[in-house]
Amino acid sequence: CRTVGDAERGLFCRPVCMAFSDFQLLDGDCREVISATKIIPGRIPTIVTGRVWDWDECREALRFGAFEYEDYGCPEAEWERLVKRAMATA
């Protein structure tokens, strides 16, 4: 999703078991997506992404309640591990 609005429409229109969000969206940031996942019954882990690894963004995302933060350059095996871990907590 490129916007918070897109993410919210997706979250509220169909069942989901996990969410992905860029740290910075066109109309807001991951904080709003994470807040939206908290409204939905059940646990929906949110993995926040960034173009490059950024400790400040990582700390902020985790403070907001993200399950994990990772950059786009993350190896495929790491993405698989993150998804499996997130699914296990959902």
Side-chain angles (χ1 to χ4, degrees):
C1 296
R2 297 182 60 185
T3 67
V4 173
D6 287 346
E8 288 175 343
R9 279 189 291 284
L11 289 168
F12 296 124
C13 290
R14 63 181 83 69
V16 296
C17 59
M18 120 180 25
F20 287 85
S21 175
D22 281 343
F23 185 85
Q24 189 63 48
L25 300 167
L26 293 175
D27 61 347
D29 62 34
C30 64
R31 178 179 20 203
E32 294 159 281
V33 175
I34 293 167
S35 293
T37 65
K38 306 273 188 231
I39 296 170
I40 300 168
R43 176 150 165 58
I44 301 174
T46 304
I47 297 174
V48 176
T49 59
R51 292 190 185 277
V52 295
W53 183 261
D54 183 314
W55 274 111
D56 292 332
E57 281 187 3
C58 177
R59 280 192 298 268
E60 285 291 300
L62 295 174
R63 189 173 62 80
F64 296 154
F67 176 77
E68 188 65 83
Y69 174 94
E70 195 56 74
D71 67 278
Y72 294 154
C74 177
E76 186 175 329
E78 179 65 12
W79 283 112
E80 290 175 15
R81 185 188 69 76
L82 283 173
V83 169
K84 286 178 185 175
R85 272 187 42 228
M87 295 289 290
T89 67

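In what follows, every heavy atom counts, from backbone to side chain, and hydrogens, waters and symmetry copies are set aside.
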Discussion item. Strictly distance-based, threshold 3.5 Å: is any side-chain N or O of D27 a donor or acceptor partner for the main-chain N or O of V4?
Written reply: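 Answer holds: yes.
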
Worksheet entry | E32 (side chain) donor-acceptor with A36 (main chain) under 3.5 angstrom |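 Absent.
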
Item to complete: Report yes or no: do I47 and Y72 belong to one cluster of Ile/Leu/Val/Met/Phe/Trp/Tyr joined by side chain heavy-atom distances under 4.5 Å?
Response: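 In one cluster with I47: Y72, no.
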
Item to complete: May I ask whether W55 and F64 are part of the same hydrophobic cluster, defined by side-chain heavy atoms of I, L, V, M, F, W, Y residues being less than 4.5 angstrom apart, directly or through others?
Response: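 Same cluster.
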
Which atom names give the shortest non-hydrogen contact between [X] and [Y], and what distance separates them?
X	Y	result
G50	E57	CA-OE1, 4.1 Å
A19	T37	CB-CG2, 4.1 Å
I34	A66	CD1-N, 3.6 Å
G10	V16	O-CG1, 4.2 Å
C17	P45	O-CD, 3.3 Å

How many angstroms lie between [atom1] in [X] and [atom2] in [Y], if you round to the nearest 0.5 Å?
X	Y	atom1	atom2	answer
F23	D71	CZ	CG	14.0 Å
D29	D22	CG	CG	11.0 Å
C74	E80	SG	CD	10.0 Å
M87	M18	CE	CE	5.0 Å
E68	R81	CD	CZ	6.5 Å
E8	I40	CD	CD1	9.5 Å

Any side-chain heavy-atom pair from [X] and [Y] closer than 4.5 angstrom?
X	Y	answer
Y69	E60	no
F67	T46	no
D54	C58	no
T89	R43	yes

Item to complete: Please assess L25 against V33 for the test side-chain contact (heavy atoms from CB on, under 4.5 Å), listing each intermediate value before the final yes or no.
Response: CA-CA 10 Å; L25 300 167; V33 175; 3.7 Å; yes

Practice prompt. Can you label the angle between the W79 ring and the F20 ring as parallel, tilted or perpendicular, going by 30° and 60°?
Written response: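 Plane angle between 30° and 60°, so tilted.
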
